[in-house]
Amino acid sequence: MATPRRRHGVSSAPTSLPEYDMTENIFALLTQEVRGVLAALVPDLPPEALARVQVEPPRDAAHGDMATNAALIAAKPARMPPQKLAAALAEKLAALPMVTEATPAGPGFVNLRLDEDFLRAQLPAVLRAGEAYGDSTIGAGVRANVEYVSANPTGPMHVGHCRGAVVGDALANLLKKAGWDVTKEYYVNDAGNQVGALGWASYWRYLRAVTLDADEWNAENTEQRFGVTLQYRGDYLVAVGDALAERHGAGMMPRRVEGGTVPEEETLSAYAPALERGWLVKSAWLDTAREIAVAMMMAEIREDLALLGVEQDVFVSERSLVEAGAVEGAVRLLEDKGLLYEGVLEPPKGKTPDDWEPRPQTLFRATEFGDDVDRPLRKSDGTNTYFANDIAYHADKVGRGQELLIDVWGADHGGYVSRMQAAVRAVSDGRVPLEVVLCQIVHVMKAGEPVRMSKRAGTYITLRDLIEEVGRDAVRFTMLTRKSDAQMEFDLDKVVEQSRDNPVFYVQYAHARCRSVLRQAEAADAALVADLADVPLTALADPSEMALIRRLAAWPRSVEAAATAREPHRIAFYLADLAGDFHVLWNRGRDDSTLRFIRTEDRGATRARLALVAATATVIRSGLGVMGVTPVEEMR
RNA sequence: GCGCCCUUAGCUCAGUUGGAUAGAGCAUCGACCUUCUAAGUCGAAUGUCGGGGGUUCGAAUCCCUCAGGGCGCGCCA
């Protein structure tokens with residue numbers, strides 16, 4: 001990953017254009033050239049207009065290699081008809097060394113045809129850069145924090161967490177490649193009711209582990225005696241109970257409390273509802289149970305993430321933020337800004353919940369930052385809402401110098417986006433944007449039938465099951481074959497199918513074919529594959545070879561577009577297209593043996609094609625690297 | 001009821017941030033091919049971009065509206 005070559009200072013003029021590596025992004029290069037020519041032609045063109053000038057591949061390849069809207073953009077400020085301006089522009093552009101033809105077209109486009117040597121020169125650029133080809137500086141070294149997964153440490157990861165994990169990880173990789181300074185982060189929700197319930201469930205498992213008669217402490221008895229609800233009854237907590245039993249022996253067994261036999265200082269630290277029912281359970285025991293459970297669950301989650309190839313840089317514990325006073329600090333910060341007040345919320349418009357009653361709460365003026373209503377920070381019992389803790393957490397990220405926050409959430413949290421954005425705007429004085437990428441639910445299918453999942457019935461699929469069944473690469477690739485906010489069907493049979501319509505296979509196969517060709521060439525004569533970045537390339541002239549070269553040259557642009565849109569799935573589509581171009585070329589070698597990569601009778605053409613093949617493999621690896629998918633050397 | 005997201009070929013989905021005659025794969029039909037690694041090539045057919053209105057040189061893309069689907073809607077995280 002190349003380091004950004006330059007950071008854009010905040011004070012730089014709005015007209016300044018990003019600096020591009022001239023040899024690696026031909027679209028950026030052409031854009032600069034076109035803007036330069038246009039600026040010379042229309043000297044008083046406003047910079048905003050110049051910035052809107054684009055050079056893109058036209059949809060219809062018959063129009064040429066590139067098309068620019070420059071004349072359409074500049075026509076009004078220049079007070080010239082767009083077609084006339086296009087003609088003038090075309091004349092100048094035709095003089096550029098890499099342009100062989102520039103023609104005005106349509107309402108005022110200029111179509112450009114590029115010199116084929118210029119295009120072919122991309123191959124050595126690819127080969128010299130290696131997988132760093134496509135690295136960009138558009139991120140300008142901005143410190144971006146991508147937070148994803150953040151699954152509650154109350155159980156193993158299941159498929160529901162998987163999409164966010166893959167999307168977040170790939171997005172982070174993508175931003176890194178495009179020049180952002182990225183931190184991958186996980187927020188551990190180890191405070192609040194759910195981990196409280198985890199503590200009880202673990203304590204219950206402990207009781208069953210230490211007692212001689214586990215049936216005595218079945219779930220129903222336990223709930224009744226202590227006045228609690230055992231929310232997490234899955235077997236995965238048995239190991240936690242065993243660990244507690246091993247470490248603490250019978251030291252955490254509850255005691256019967258019969259009329260005043262227990263010292264007052266002990267009852268003070270006991271769980272009250274249980275005490276009322278005649279059982280002494282120390283709060284400290286529950287804390288211990290919870291702590292060990294969280295630690296063991298997090299260890300398991302991190303193992304699962306490692307299986308998926310996800311390794312985050314920073315894990316932030318909600319509890320430690322709370323204990324360090326971060327929440328109170330954040331509340332005070334908002335208070336100092338005059339953004340808090342005690343008030344009563346209106347019931348939601350239209351539908352009023354049955355148990356609605358007006359009550360005064362501490363409210364944050366989210367409406368001042370674009371939210372629909374003000375949002376509560378404290379519950380009626382005075383404790384903080386999750387939102388308050390989340391504000392503290394995001395303020396912490398801002399305090400750590402993060403300049404762009406990106407959260408990857410499940411779509412069921414969509415209603416939470418605007419308040420969180422309001423809060424981040426408030427605590428950062430509008431300096432730090434929060435962007436939220438929502439991931440829609442994944443429906444797991446098997447043989448065309450939906451796989452029903454129920455947490456209560458224990459029939460949900462764990463992430464580990466999924467990886468064992470189809471493999472990490474298939475999981476990661478497939479999760480990126482849809483826009484993240486579109487619903488997705490994950491068909492267990494289809495993702496391992498070896499066919500054209502399985503992009504996982506199709507892309508992997510293209511890479512394997514490339515490697516196979518290079519291996520064969522090397523086996524025949526190692527000198528064939530030496531110094532491929534220096535070989536003459538004029539032998540590459542067939543339309544399908546040029547199409548592949550054009551696709552390779554578009555990789556840097558695809559990276560930038562995907563990163564700007566925060567849409568890592570575009571990388572998957574690019575790779576599928578690239579694989580398609582390569583397979584076409586491969587298959588043409590069947591009909592026309594002169595198009596085969598290795599031709600014993602023509603060493604020059606062979607070397608040129610091997611350069612093309614090596615460049616293709618390089619870009620596939622570069623793209624798979626962003627996706628976190630391992631390129632395979634051969635298909636089995 | 002209110003808010004957000006979605007609706008593109010028979011199916012599954014792209015659509016380069018407002019560009020030219022809206023694309024790909026699958027399926028269908030026709031012809032060909034049997035491999036440097038088998039899962040192949042070429043051609044044909046396929047559209048009210050959910051409906052309607054607006055913005056402008058230009059709209060699948062932006063705005064309004066209607067219909068259908070999903071998600072959410074104060075002391076869960």
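Letters A, B, ... are given to chains in the order of the sequence lines, protein chains preceding strands, and every chain is numbered from 1.
Side chain of A/Lys483, nearest nucleotide from B/U37, B/A14, B/A20: B/A14. Taking every side-chain heavy atom of A/Arg359 into account, B/G74 is the closest of B/U17, B/G74, B/C36. The side chain of A/Arg596 approaches B/C36 more closely than any other nucleotide in the set B/C36, B/A77, B/U17. The nucleotide whose nearest atom lies closest to any side-chain atom of A/Asp372 is, among B/G3, B/U37, B/A77, B/G3. Comparing B/C6, B/A77, B/G70 by their nearest atom to the side chain of A/Asp485 picks out B/C6. Minimum atom distance to the side chain of A/His569 is reached by B/G15, of the listed B/A77, B/U37, B/G15.
Using Watson-Crick or G-U wobble geometry with both donor-acceptor distances under 3.5 Å, B/U61 finds no partner in any strand shown.
Put simply, A/Asn189 has no side-chain N or O that comes within less than 4.0 Å of OP1 or OP2 on B/A77.
The aromatic rings of A/His413 and A/Tyr416 sit perpendicular to each other, their planes meeting at more than 60°, with 30° as the lower class boundary.
Comparing B/G23 with B/C49, their C1' atoms sit 12 Å apart, to the nearest whole Å. B/C42 sits 12 Å from B/A24 when the P atoms are compared, rounded to a whole Å.
A straight line from CZ of A/Arg588 to P of B/G40 spans 17 Å, rounded to a whole angstrom. Counting to the nearest Å, the P atom of B/G19 and the CD atom of A/Gln83 are 18 Å from each other. Computed from coordinates, the A/Leu72 CG to B/G19 P distance equals 11 Å when rounded to whole Å. For A/Tyr416 and B/A77, the OH to C1' distance is 8 Å, given to the nearest whole Å. Atoms CH2 (A/Trp409) and P (B/C5) sit 15 Å apart, rounded to a whole Å.
A/Phe582 has its ring centre less than 6.0 Å from the ring centre of A/Phe597.
Atom NZ of A/Lys494 has 12 or fewer heavy atoms from other residues, nucleotides or ligands within 6.0 Å. Under a cut-off of 6.0 angstrom, the local environment of CD in A/Glu101 is crowded, with over 12 non-hydrogen atoms contributed by other residues, nucleotides or ligands.
Counting any heavy atom pair closer than 4.0 Å across all strands shown, A/Ala562 reaches no nucleic acid atom. A/Thr564 comes within 4.0 angstrom of a nucleotide base, judged by non-hydrogen atoms across all strands. Within 4.0 Å of A/Pro82, counting heavy atoms only, lies no atom of the nucleic acid at all.
Between A/Pro107 and A/Ser516, the residue anchored closer to the 5' end of RNA chain B is A/Pro107, taking for each the nucleotide with the nearest heavy atom.
In this structure B/U61 sits in the anti conformation; its chi angle is more than 90° from 0.
Judged by a 6.0 Å distance limit and a 45° cone about the ring axis, A/Arg425 is not positioned over the six-membered ring of A/Phe369.
Residue-nucleotide stacking is present for A/Phe109 and B/A20, judged by a side-chain ring centre under 5.5 Å from the six-membered base ring centre and planes under 30° apart. Remark: ring of A/His413 does not overlap the six-membered base ring of B/G72 in a stacked fashion, as centroids less than 5.5 Å apart with planes less than 30° apart are not both met.
Remark: the A/Asn389 side chain and the B/A77 base include no donor-acceptor N/O pair separated by less than 3.5 Å. Contact annotation: side chain of A/Arg557 to base of B/U16, donor-acceptor pair present below 3.5 Å.
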